[in-house]
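To keep things clear, I will list the structure first and then write my remarks on it.
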Amino acid sequence: KILVFLCLFATVHLRVPKRINTELEAYIEEKKAEINPRYKLHYHVTPPVGWMNDPNGFSFFNGEYHVFYQFYPYDSQWGPMHWGHASSPDLVNWEQLPTALLPDEEMCYSGSAIVKDDQLVLLYTAHVNTDIDPFYYESQYLAFSDDGINFEKYEGNPVLPVAPDGSPDFRDPKVWKHGDYWYVVIGSKTPDDRGRVLLYRSPDMISWEFLNVLGESTGNMGYMWECPDFFEINGRHILLMSPQGMEPVGDRYKNLHQTGYIVGTFNYETFEFVPEVDFQEIDFGHDFYATQTTENDGKRILIAWFGMWETPFPEAVDGWAGAMTIFRELVLHGDRLLMKPIDAMTSLREETVWDGKFEEGEKISFDKTLELIVTSDLNQKINIQITGSNGGDQILLQWDPEVRKVVVDRDGDIRQVEWSPIDSKSWRIFLDASSMELFCGEGEVVFSSRIFPNGEWLVTNLSPQSVDVVAYKLRRSVPE
Ligand code: FRU
């Protein structure tokens, strides 16, 4: 009897953590050595090898930030999804960790993480392909870790098997805790193809109760809402999500899919979210999608996939593809979210490359990494050209005081948006080996675009007058 009891106890309670897949990690190390580093980013999280899309499981556990990501190690294009993993004490200096989730019968699609009972718990979408229409189904799985490195999938998966209306599109759970309950928002669509977000709650993260449709397109907001996120700032609630396939309207919604937010109020008694402001894009660049946020130290921090579906990834021939943006702090100003580089970004400044007037026609050249702060009175036209010393892609950053729009022209593919500075009239521009992020003023307007230069960065003032520039070389803060 004692033996039977001990065996039972052992199977129930002594769950041996799933070992890291040593074969996969050895493969990653071997392949890493073959990567051509020319475009590899120096202070953005990128996959060690292979493909990366959405950030997942952004969380703070045992004194470290964790970021996971959609990962396919075996090719630099999308494939059966794993969760790659990196950790950092400060959101700037990153360490690569072993692959956290590997696909079994399911592909490990996007999801989130939360700390519960001293464990880091992942809640993610299991995507399973089938032979019959609609050819896949999606449900929500859990995985647990005691140490933040080894993850074990829950034996009782799925914990959320199917959407209330049976929609096969039921993915990207974002979990948070409020009072005694865990809540989750999940992306989905209506039977007539309108994007929507579903809200659930649970007393234990195992059994979930459907509460409400938190938000839904009335017709012009895309056919599917991916990667929802829901959080409070200044007593108001923000529904952040990535609608697929909104039609362009003027300067807006120019990418294949969008990421943006709705500001409103939420009531934990009725579970109703009342939108107060229409959907607004959060970043106007060419390559930005599938955001995720977390809160720590009272700050709401955002990260996104620095990429867009169905666009070329010139780095793919080098053995890797896809990146994360730099981390940004969100501030609600009136009805708008401002997005600023986190304060710790200044710790990357290694050397001042320029400080003073940047005359018409003058050039700044520097290899791989630069942060530029461009200041002017905005009463004259600005035209800053960014390209490689041996050519390659070219970005023109422009301002016209008559039109009052910031223009990012990447090889003729234009993104532009009106800008009224709240206070600062500066542009803060981050260049990494193949990327450009432009933050205007306090973060009223932000553009994130990948750009592939040949040779060193070459920044030229093509404005009809001088501007003031401070430029820093930034140090490497992610693994090679
Ligand atoms: C968003 C997305 C998610 C999905 C994941 C698959 O970019 O399509 O909805 O979970 O990527 O990799």
Side-chain angles (χ1 to χ4, degrees), residues 45 47 50-58 67-85 99-103 106-113 122-129 134-143 158 160 163 167-175 184-189 193 195-198 215 217 221-230 239-246 255-260 282-283 285-293 302-311 313 316 321-325 448 450:
V45 178
W51 167 268
M52 164 191 277
N53 56 284
D54 316 0
N56 297 150
F58 183 22
V67 163
F68 304 79
Y69 49 87
Q70 292 286 283
F71 180 39
Y72 185 58
Y74 300 108
D75 202 344
S76 33
Q77 52 181 316
W78 193 91
M81 282 289 108
H82 300 52
W83 274 33
H85 189 188
T99 310
L101 294 176
L102 280 77
E106 90 291 12
M107 294 189 211
C108 305
Y109 271 24
S110 285
S112 51
L122 311 182
L123 179 61
Y124 69 97
T125 296
H127 177 100
V128 178
N129 287 332
F135 302 109
Y136 60 87
Y137 60 89
E138 293 178 333
S139 56
Q140 317 315 318
Y141 278 25
L142 288 176
L160 260 165
S167 170
D169 291 281
F170 181 46
R171 58 179 175 268
D172 311 336
K174 175 73 197 302
V175 65
V184 69
V185 278
I186 304 182
S188 192
K189 59 161 69 153
D193 284 346
R196 59 157 48 156
V197 169
L198 307 170
S217 166
M221 284 192 58
Y223 56 82
M224 167 71 198
W225 289 1
E226 297 189 307
C227 302
D229 200 339
F230 193 59
L239 175 60
L240 175 68
M241 76 287 198
S242 294
Q244 286 185 298
M246 286 176 74
N255 293 333
L256 177 65
H257 304 315
Q258 325 306 325
T259 295
I282 195 164
D283 186 300
H286 299 76
D287 303 289
F288 185 94
Y289 195 60
T291 46
Q292 191 163 98
T293 71
L302 175 144
I303 184 181
W305 177 34
F306 206 159
M308 180 48 60
W309 293 110
E310 292 174 42
T311 60
F313 285 80
M324 295 291 135
T325 60
S448 304
R450 297 291 305 279

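Both ligands and their constituent atoms are indexed starting at 1 by order of listing. Values reported hereafter were calculated over all heavy atoms of this structure, with side chains retained and with hydrogens, waters and symmetry mates removed.
- Using modelled atom types and a 3.5 Å distance limit, the side chains of S242 and T259 yield a donor-acceptor pair.
- There is a side-chain donor-acceptor pair under 3.5 Å between E226 and Y289.
- Under 4.0 Å from any atom of ligand 1, one finds heavy atoms of residues N53, D54, Q70, W78, M81, Y109, S110, R171, D172, E226, Y289, W309.
- Between D172 and K174 there is no salt bridge, since no side-chain N of the basic residue sits under 4.0 Å from a carboxylate O of the acidic one.
- Under 3.5 Å, the side chains of D229 and T293 contain a donor-acceptor pair of N or O atoms.
- Ion pair R450/D287 not flagged as a salt bridge, since none of the NZ, NE, NH1 or NH2 atoms sits closer than 4.0 Å to an Asp/Glu carboxylate oxygen.
- Checked against Y124 for a ring-ring contact (aromatic ring centres under 6.0 Å, His included), the options Y69, F68, Y141 give a single hit: Y141.
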